[in-house]
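Step one of this worksheet: look at the structure below.
Chain letters run A, B, ... following the sequence lines, proteins first and then strands; every chain starts at 1. Below, all heavy atoms of this structure are taken into account, side chains as well, without hydrogens, waters or symmetry copies.
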Protein chains: 2
Amino acid sequence: MSIRESDTPRIRRTPEESRANILAAAEQLLVEQGPQSLRLADVAKAAGVANATVLHHFGSISAVHTALMEQMIGHLVDNIMAIEIPADAPAEARAVGLKTLFDALETPGAARLAAWLELTDETSRLTVVREAVRDVAQKKIANTAVPEDLAEDMILLSVTLALGVGLFGPSLGKLIGKPEGRARDLTLQMLLMNFQRMAG
Amino acid sequence: MSIRESDTPRIRRTPEESRANILAAAEQLLVEQGPQSLRLADVAKAAGVANATVLHHFGSISAVHTALMEQMIGHLVDNIMAIEIPADAPAEARAVGLKTLFDALETPGAARLAAWLELTDETSRLTVVREAVRDVAQKKIANTAVPEDLAEDMILLSVTLALGVGLFGPSLGKLIGKPEGRARDLTLQMLLMNFQRMAG
DNA sequence: TCTCTTATTGACATTTTTGTCAGTAGCGTT
DNA sequence: AACGCTACTGACAAAAATGTCAATAAGAGA
């Protein structure tokens, strides 16, 4: 028990690559199987590395959790910040922007991330979350022609409903026997109509 | 080491009482701390009994989880089924019924239950869920004056958004710096307006 | 009061999950 | 080609979580 190579040759990555690889596997696990599948052995297996490798790069499994939350939040914020809603645009263009914002949040990934944060009560603890909300809100509100209060309400409403639809829409729709995306369509349609009214 | 009573005298309950006591403690844990706190030791401690007592009544911790899901779903369905929305009522009365339905679903308990089911993928496996949805939908749809398709859409929309608001509304509102219940108010107001339009 | 049933429990055993460590092996540098 | 750095790994240790069991005791009925 000494002289042995394993059947598969080792893959040697840069630390950044390795971390990225592990987080990508973890993210997929989260979205497809839920937070309770984010165990050390599961994550390592999904990433195709040994348990010890995960610990080598992150130190502990809960550090993996935190890193995953931060990465997913970061990506989400990037996507949202990239959306342009010019203040002087016509109502129609603003509607398109809202739809895009909605799209970014309504994905299973975002919704499950949010639910995970919520259920683990990490929402208030993670500064990333607070910063993300502040940044997004600031930019979006600044770029809007409507009064600040109204803009804040619109954002609160959009984000809340988008996440809700992303998390519950598919299952509930299927249970009731509705076509995929029905909840999403209904909600978006209602939101757009409501905003046209709000914005005059 | 033999002859001794503990400092606290034993409480002896009927099996039903004991199960109820344990499930009540578990429910509180779920709502206040999330699903990851539903460990055997935590549940037992919260219920004020020994670990073995929990196992005596439920057999395993996952049986506790299932029983809790079923009990919470049952209570939720009871609440919803108790809501009366007469088909011939004026639009105003129907609006009140909708508001009540929304209220029943928008509680942290219901929302967290739904998120738990969703993240653990029990939604499709538990027959209780399917039956609950079927029962509620049937009754509500039958009691409505609008066409069936429309009624189904209204229910899908109400339930999805209510759960979303219940789960994400409070935290997001706080993060944005809005008063408690703002997301709820906005959503409900929008829903009611939308339904008046849909129902003609 | 005595007996009997069984809810209850502490001590222990098992399983699961996380973490440690010393040795191995890619890969860039010399 | 030899060297050094360190990503990587299996084997092992530790901790945490679940589950077993035999003994205890509360309460109902005789």
Side-chain angles (χ1 to χ4, degrees), chain A residues 1-26 28-30 33-69 116 119-120 122, chain B residues 1-26 28-30 33-69 116 119-120 122:
Chain A
M1 36 313 273
S2 48
I3 29 145
R4 210 41 31 194
E5 74 272 26
S6 44
D7 40 9
T8 34
R10 280 190 195 176
I11 299 177
R12 187 190 176 95
R13 293 173 245 245
T14 67
E16 300 75 41
E17 283 173 343
S18 201
R19 285 177 60 98
N21 170 53
I22 291 167
L23 287 182
Q28 192 176 348
L29 273 184
L30 172 69
Q33 316 217 39
Q36 76 284 358
S37 294
L38 290 178
R39 280 165 298 227
L40 177 58
D42 294 337
V43 171
K45 187 175 178 185
V49 298
N51 294 13
T53 304
V54 175
L55 295 173
H56 172 71
H57 289 290
F58 291 92
S60 75
I61 188 60
S62 75
V64 174
H65 296 167
T66 305
L68 178 59
M69 288 174 177
W116 183 31
L119 288 182
T120 52
E122 218 69 41
Chain B
M1 42 306 272
S2 48
I3 29 146
R4 219 28 34 187
E5 74 271 27
S6 43
D7 41 8
T8 34
R10 280 190 194 177
I11 299 177
R12 187 189 176 96
R13 293 174 245 246
T14 67
E16 300 74 41
E17 283 172 343
S18 201
R19 286 178 59 100
N21 170 52
I22 291 167
L23 287 182
Q28 192 176 349
L29 273 184
L30 172 70
Q33 319 219 40
Q36 76 284 356
S37 294
L38 290 179
R39 281 165 297 227
L40 176 58
D42 294 336
V43 171
K45 187 177 177 185
V49 299
N51 294 13
T53 304
V54 175
L55 295 174
H56 172 71
H57 288 291
F58 291 91
S60 76
I61 188 60
S62 74
V64 175
H65 296 167
T66 304
L68 177 59
M69 289 174 177
W116 182 32
L119 288 181
T120 51
E122 300 289 327

N/O donor to acceptor pairs below 3.5 angstrom from side-chain atoms of residues 42-50 of chain A, sequence neighbours left out:
from: A:Asp42; atom 1: OD2; to: A:Arg39; atom 2: NE; distance (Å): 2.9
from: A:Asp42; atom 1: OD2; to: A:Arg39; atom 2: NH2; distance (Å): 3.0

Could you check whether the side chain of [X] and the base of [N] have a donor-acceptor pair of N or O atoms closer than 3.5 Å, going by distance alone?
X	N	answer
A:Arg39	C:dT16	no
B:Arg13	C:dT8	no
B:Arg10	C:dT8	yes

Roughly how far apart are [X] [atom1] and [Y] [atom2], rounded to 0.5 Å?
X	Y	atom1	atom2	value
A:Leu30	A:Ser37	CG	OG	9.0 Å
A:Phe58	A:Leu40	CZ	CG	11.5 Å
B:Ser62	B:Leu68	OG	CG	12.5 Å

Atom-pair distance ([atom1] on [X]; [atom2] on [N]), nearest Å:
X	N	atom1	atom2	answer
B:Asn51	C:dG10	CG	P	9 Å
B:His57	D:dT20	NE2	C1'	16 Å
A:Asp42	C:dT16	CG	P	13 Å
B:Gln36	C:dT17	CD	C1'	16 Å
B:Phe58	D:dT20	CZ	P	16 Å
B:Arg12	D:dA26	CZ	P	9 Å
B:Leu40	C:dT15	CG	P	17 Å
A:Arg19	D:dT6	CZ	P	17 Å

* Short side-chain to backbone donor-acceptor contact, A:Gln36 and A:Gln33, under 3.5 Å -> yes
* Are the side chain of A:His65 and the backbone of A:Pro35 linked by a donor-acceptor contact shorter than 3.5 Å? -> no
Would you indicate which nucleotide in [options] comes nearest to any side-chain atom of [X]?
X	options	value
A:Ala52	C:dT20, C:dT6, C:dT8	C:dT20
B:Ala50	D:dG10, C:dT9, C:dT24	C:dT9
B:Ile61	C:dT9, D:dA7, D:dT18	D:dT18
B:Pro15	D:dT9, C:dT18, C:dA7	C:dA7

Distance below 4.0 Å between [X] side-chain N/O and [N] OP1 or OP2:
X	N	result
B:Thr53	C:dA7	no
A:Ser18	D:dA7	no
A:His56	C:dT20	no

Across the strands shown, which category fits [X] at heavy-atom distances under 4.0 angstrom: base, sugar-phosphate, nothing?
X	answer
B:Ser60	sugar-phosphate
A:Leu55	base
A:Thr14	nothing

